[in-house]
> 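Quick one: the structure is below, and I'll ask about it shortly.
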Amino acid sequence: METVLSINSVSKSYGPIQALKNVTFDVPPGSVFGILGPNGSGKTTLLGIILDVLKADEGSYQWLGGMPHDAARRSIGSLLETPNFYHYMSAWDNLQVAAAIKQRGKDDREVVLEKTGLWQRKDSKFKTYSLGMKQRLAIASTLLGNPDVLVFDEPTNGLDPAGIAEIRDLIMQLNREGKTIIMASHLLDEVEKVCTHVAILKRGDLLLSGKVDEVLVSEDQVEISAPDIAKLLATISVMPGVHSVKQQNGSLQLNCDTHISTTQINEYCIQNGITLSHLVLKKKSLETKFIELTNK
Amino acid sequence: MNNLLNIEWLKVRKYPTFWIMAGMFAVLLPLWNYSINNGFMKMGGNGKNGINILDQAYAFDNVWQNLGWWSSIFVVFISVLVIIITTNEYTFKTNRQNVIDGWTRLQVLHAKWLMVLTLAIGTTIYVFITGIAFGAANDSMANFPGNISGLFYIFILSLNYYGFALLIAYLFKRSGIAIGIFFLYNMIIESLVRGFVNWRFDFPAGNLMPLQTSDELLPFPLIDIAKTLVQTEEQITDTAYVIVSLAWVAVYYIVSRFRLLKSDW
């Protein structure tokens, strides 16, 4: 199987608002695929379409090499937007309904409740749960039947810092077990820590998609400084491979070709009679990249 | 099919409202009829002064029609239950979750229609048992089953009411508004339109309105007896009412199917 999910030219409007515009990308197996975007960018709409609760106006999608959509949904675990359970039923009984629909995983209830820290409260009614516990139950439900693919929409919503760390560890652990995880989030830190691939959406447009390190590597910045900043600026601006130089707070920010290393920069400066007082490679954070992209 | 129904049962078996509403129907229908049968409740006056004109309607010949008429009032409990169970799925967003977990939209629809069919069969069986109890208490078992076609009409009527309730729930999605519309339609709008249509035309087409067409199968017991006595000619036969009732059920199904398959959730 080459792709777990293939999205082809999907578009969707809500009246005059175009929520998705011709979105196309593939999710490779074994990846943690982050779908990023500010609020209202179309993340949940996209997940709603691939989970068949929303209808696309145009385009198509394929799960697991063209498996029928309902069979595909039964074989994956999905959490969309909010935890949706019968309020008057216990966690145990709610998971029974989910397992019955999935036609698998009824015997996994104990394991998934243990994994998400809800075993002690398995007989409590859903309506008595805190927001964080509801979210945990939703995650527990996705794990029924030990699916190979998981879809999480804002999985750490409503969780406290310890809960967020736990879910992050759980996601990484699931990925180590070989599972593919598709995750929508506006929490960049979360995506950066766990994702191998990313797609960035802005007002329904797909801005970019690809491997996290490929998306970020070309955007590394080098920060340098020297006692004579004017001379440094004049020298470094003409160095081959340096695209742009920006002066900021007594130092220079360089955007360079990927093959330019900090060693080469240092050597170049020495050859030109400049001794650097400061040289640091700054990996551009996803947040910087994200803000840059979404503010264009 | 069985799996869909089984899952619907998992959803309601621990739902207090389900047991309360079903219990109301199960307790009040026999209790009400017991009161009439034994003269505690009378037409035209209360207590000892009233004239009890319905207490003779519990022999096997009349018991099905009689219980059917009262059932047409008490099925409202179950109709409201259908609305609550269905709109809960929107309130809790569990209809979405059912699809996310692997049901098709059509399975979501069919699960609820199977529930409606099962409740209609359950209602019929319960009225049958109640009818036997009243019949046996007032008549010889030698006269069983009597005019049993009334029991079939109870099935048609409850299927019509529950199907209509399901459609209203799908159209309005919120329990408060859906229950309000159901009562408003059942008690006022349909009577108004029916009255106007029957007044305007020679043919009583107003009797073929969605719920009324089934109500016509189970008229107030004495009216039925009186009509037999004066030999008035019915313009619309019971068979026609049955066919039109089933046609309305088909309309509810088609509209609800269209609604569920085409719209976003």
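The shown structure was predicted, so the numbers you read here are calculated from the model rather than taken from an experiment. Naming convention: chains lettered A, B, ... in sequence-line order (proteins, then strands); numbering from 1 in each chain.
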> Go through the atoms of A/Asp93 and report whether side chain, backbone, both or neither lie under 4.5 Å from a heavy atom of chain B.
side chain
> Near A/Gln173 CD, under 6.0 Å, is it more than 12 heavy atoms from other residues, nucleotides or ligands?
yes
> Using atom types as modelled and distance alone, determine if a side-chain donor or acceptor of A/Arg73 lies under 3.5 Å from a backbone N or O of B/Val99.
yes
> Applying side chain to side chain contact (heavy atoms under 4.5 Å, CB included) to A/Tyr88 and B/Thr17, what does each step give before you reach the verdict?
CA-CA 10 Å; A/Tyr88 51 86; B/Thr17 307; over 6 Å; no
> Going from NZ on B/Lys93 to CG on A/Leu80, what distance comes out if it is rounded to the nearest 0.5 angstrom?
8.5 Å
> Give, as side chain, backbone, both or neither, the part of B/Asn6 having an atom under 4.5 angstrom from any heavy atom of chain A.
neither
> Quick check: closest heavy atoms across B/Asp101 and A/Lys102, and the distance to 0.1 Å?
O-CG, 3.5 Å
> When heavy-atom pairs shorter than 4.5 Å are enumerated against chain B, which of A/Ala72, A/Gly77, A/Ser78 gives the highest number?
A/Ser78
> Atom CZ of residue position A/Arg203 - does it have more than 12 heavy atoms of other residues, nucleotides or ligands inside 6.0 Å?
no
> Non-hydrogen contacts under 4.5 angstrom with chain B: give the residues of residues 109-126 of chain A involved, or none if there are none.
none
> Please flag which part of A/Lys12 lies under 4.5 Å from any non-hydrogen atom of chain B: side chain, backbone, both or neither.
side chain
> Counting only heavy atoms from other residues, nucleotides and ligands, does the tally under 6.0 Å from NZ of A/Lys55 exceed 12?
yes
> Just how far is it from atom NE2 of A/His87 to atom OG1 of B/Thr91, taken to the nearest 0.5 Å?
8.0 Å
> Looking at B/Trp103, is its backbone amide N or carbonyl O close enough to the side chain of A/Arg74 to form a donor-acceptor pair, meaning the two atoms are under 3.5 Å apart?
no
> Without hydrogens or angle criteria, can the side chains of A/Tyr86 and B/Lys11 be said to hold a donor-acceptor pair below 3.5 Å?
yes
> Side-chain contact, heavy-atom cut-off 4.5 Å: A/Met89 with B/Leu10?
no
> Take a 6.0 Å sphere around CH2 of A/Trp92 and say whether it holds more than 12 heavy atoms from other residues, nucleotides or ligands.
yes
> If every non-hydrogen atom of B/Asn3 is compared with every non-hydrogen atom of A/Ala100, which pair is closest and at what distance?
ND2-O, 4.1 Å
> Within the supplied structure, the quantity of interest is the number of heavy atoms (other residues, nucleotides, ligands) at a distance under 6.0 Å from B/Met187 CE; does it exceed 12?
no
> Decide side chain to side chain contact (heavy atoms under 4.5 Å, CB included) for B/Gln97 and A/Ile101; before the verdict, give the C-alpha distance in whole Å, the side-chain angles of both, and the deciding distance to 0.1 Å.
CA-CA 10 Å; B/Gln97 193 61 43; A/Ile101 292 174; over 6 Å; no
> Could you name the residues of residues 246-263 of chain B that have a heavy atom within less than 4.5 Å of a heavy atom in chain A?
B/Leu261, B/Lys262
> Select one option (side chain, backbone, both, neither) describing which atoms of B/Asn95 are under 4.5 Å from chain A's heavy atoms.
neither
